[in-house]
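We're numbering straight along the sequence, starting at 1.
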Amino acid sequence: MQDESGISFFGALLSGVVWFFQNLAGAFYNFGYAVTHPQLWLDWSDKASVMRFVYYGGSVEFFFVVFAAFLLLTAIGIYRNTVMWGVVRGLEGFANTMGRLFAWAGLLMVLQQIIIVFMQRVFARPDMSFGLGIALEKDISWFAEELKFYNALVVCMCVTYTFVQGGHVRVDLVYSGISFRAKKVIDMIGSLIFMMPAAVLTWMYGWYFLWRHLIVPKPSASDTLDRLLLKSRALRWNVETIGFSPNGFNGYFLFKILLVTFAGLVFLHAIAFFYRSYLEFVEGPGSENKHLDKDSLGEGEEAYEGAH
């Protein structure tokens with residue numbers, strides 16, 4: 001009995017290894033096929049194309065394409081560190097640009113809240129109108145609930161910017177007391193076993209969560225491509241427009257888009273953080289914060305930077 005269970009265990013392990021390398025090798029073919037046949041998944045006038053896009057966005061095939069690209073880029077970067085530094089600078093620059101842009105949503109949120117208070121308490125108006133010509137005219141409760149969307153923009157789109165700037169809260173029990181290279185090892189391990197898997201899981205959940213509120217029949221993570229193609233015959237757009245109140249904000253599908261975007265940004269920055277940690281480990285303490293573009297509060301405010 002024990003021999004049979006041992007054989008079945010090793011058989012399952014061998015099957016898993018074979019499956020892994022088959023998908024990894026097939027990733028190059030899948031990528032090439034997708035690039036050379038964009039009409040199969042980007043021509044959204046075709047219902048089957050939409051379903052292919054939905055399937056592949058959360059599929060094993062897409063995961064292994066991304067994973068293979070990461071392995072290939074890592075191998076090139078290890079051979080030529082300048083390439084890896086270029087990736088780090090590019091991804092960190094992208095994170096900073098996104099964060100600095102969408103941080104303005106915080107100001108918009110404050111200004112809109114002030115306008116809402118004035119319209120309600122001073123002018124006693126039940127609605128508001130913005131724009132010239134064809135104006136956006138909604139109930140005040142719509143604009144009040146929309147404030148949550150501005151907050152979501154700041155959280156989701158500025159998450160990697162905050163990471164670059166060192167603004168996330170840290171619980172440090174041993175990190176500060178260990179050597180420089182030991183810190184870099186911890187950073188590399190953390191990016192691989194915490195940041196990347198968490199981003200992948202969030203993407204997998206958020207991807208189908210998003211599409212179930214955009215189209216019917218609703219896709220499922222367990223659906224095969226063939227099953228989704230069968231469903232595509234009855235496909236129609238059914239964008240979620242239901243608010244929490246009768247006249248409240250009705251664009252909650254935008255939050256689902258932000259959830260997927262958040263996962264993608266975190267995954268990309270996990271790559272940047274892993275590469276930076278590796279390069280600083282290899283090049284030593286002199287390379288710490290090399291090419292790092294951090295905002296400054298001004299001379300004399302150094303103690304507060306990274307904590308705002």
Can a donor-acceptor pair be found, under 3.5 Å and without considering hydrogens, that links the side chain of [X] to the backbone of [Y]?
{"X": "D293", "Y": "N96", "answer": "no"}
{"X": "Q112", "Y": "L107", "answer": "no"}
{"X": "H291", "Y": "G86", "answer": "no"}
{"X": "W203", "Y": "G57", "answer": "yes"}
{"X": "K47", "Y": "L235", "answer": "yes"}

At what distance, to the nearest 0.5 angstrom, does [atom1] of [X] lie from [atom2] of [Y]?
{"X": "L153", "Y": "M98", "atom1": "CG", "atom2": "CE", "value": "9.5 Å"}
{"X": "F149", "Y": "N151", "atom1": "CZ", "atom2": "CG", "value": "11.0 Å"}
{"X": "S222", "Y": "R227", "atom1": "OG", "atom2": "CZ", "value": "7.5 Å"}
{"X": "Q39", "Y": "R52", "atom1": "CD", "atom2": "CZ", "value": "9.0 Å"}
{"X": "K183", "Y": "S277", "atom1": "NZ", "atom2": "OG", "value": "12.0 Å"}
{"X": "I115", "Y": "F143", "atom1": "CD1", "atom2": "CZ", "value": "9.5 Å"}

Non-hydrogen side-chain atoms of [X] and [Y] separated by less than 4.5 Å:
{"X": "V66", "Y": "V200", "value": "no"}
{"X": "D295", "Y": "R100", "value": "yes"}
{"X": "F194", "Y": "I189", "value": "no"}
{"X": "T261", "Y": "C156", "value": "no"}
{"X": "V87", "Y": "L73", "value": "yes"}
{"X": "Y150", "Y": "L147", "value": "yes"}
{"X": "Y33", "Y": "E61", "value": "no"}
{"X": "Q113", "Y": "V117", "value": "yes"}

Determine the interplanar angle of the F255 and Y252 rings, folded into 0 to 90°, and report it as parallel if under 30°, tilted if 30 to 60°, perpendicular if over 60°.
->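 Ring orientation of F255 relative to Y252: parallel.
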Parallel, tilted or perpendicular for F67 and F64, by the 30°/60° rule?
-> perpendicular
Before giving the answer on side-chain contact (heavy atoms from CB on, under 4.5 Å), spell out for F273 and M188 the whole-Å C-alpha distance, their side-chain angles and the decisive distance to 0.1 Å.
-> CA-CA 7 Å; F273 187 55; M188 285 188 283; over 6 Å; no
Going by an N to O cut-off under 4.0 Å, is there a salt bridge joining E240 and K256?
-> yes
Has [X] got more than 12 heavy atoms of other residues, nucleotides or ligands less than 6.0 Å from its [atom1]?
{"X": "Y175", "atom1": "OH", "value": "yes"}
{"X": "R212", "atom1": "CZ", "value": "yes"}
{"X": "K218", "atom1": "NZ", "value": "no"}
{"X": "Y205", "atom1": "OH", "value": "no"}

With distance as the sole criterion, is a donor-acceptor pair present between the side chains of [X] and [Y] under 3.5 Å?
{"X": "D226", "Y": "T224", "value": "no"}
{"X": "N250", "Y": "E145", "value": "no"}
{"X": "T97", "Y": "Y161", "value": "no"}

Heavy atoms only: give me the nearest [X]-[Y] pair and the separation to one decimal.
{"X": "N81", "Y": "I78", "answer": "OD1-O, 3.6 Å"}
{"X": "T160", "Y": "A95", "answer": "OG1-CB, 3.4 Å"}
{"X": "A68", "Y": "A27", "answer": "CB-CB, 3.9 Å"}
{"X": "Y55", "Y": "L228", "answer": "CB-CD1, 3.5 Å"}
{"X": "M84", "Y": "Y278", "answer": "SD-CD2, 3.5 Å"}
{"X": "F281", "Y": "R181", "answer": "O-NE, 2.8 Å"}

Report the C-alpha separation of W19 and V60 in whole Å, then their side-chain angles, then the decisive distance to 0.1 Å, and conclude whether the side-chain contact (heavy atoms from CB on, under 4.5 Å) test is met.
-> CA-CA 11 Å; W19 173 85; V60 171; 3.7 Å; yes
Does [X] belong to the same Ile/Leu/Val/Met/Phe/Trp/Tyr cluster as [Y], with side-chain heavy atoms less than 4.5 Å apart forming each link?
{"X": "L210", "Y": "V50", "result": "yes"}
{"X": "W211", "Y": "L259", "result": "no"}
{"X": "F62", "Y": "L72", "result": "no"}
{"X": "M51", "Y": "W44", "result": "yes"}
{"X": "F31", "Y": "F70", "result": "no"}

When K290 is tested against each of E280, E92, E283 for salt bridge (Lys or Arg N to Asp or Glu O under 4.0 Å), which residue passes?
->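 The residue from E280, E92, E283 that satisfies salt bridge (Lys or Arg N to Asp or Glu O under 4.0 Å) with K290 turns out to be E283.
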Is there a side-chain contact (heavy atoms from CB on, under 4.5 Å) between V159 and H269 once you walk through the steps?
-> CA-CA 10 Å; V159 58; H269 195 69; over 6 Å; no
Report the C-alpha distance between V54 and I215 in whole Å, list the side-chain angles of each, state the deciding distance to 0.1 Å, and finish with yes or no for side-chain contact (heavy atoms from CB on, under 4.5 Å).
-> CA-CA 10 Å; V54 173; I215 60 175; 4.2 Å; yes
What about W207 and F53, are their ring centers closer than 6.0 Å?
-> yes
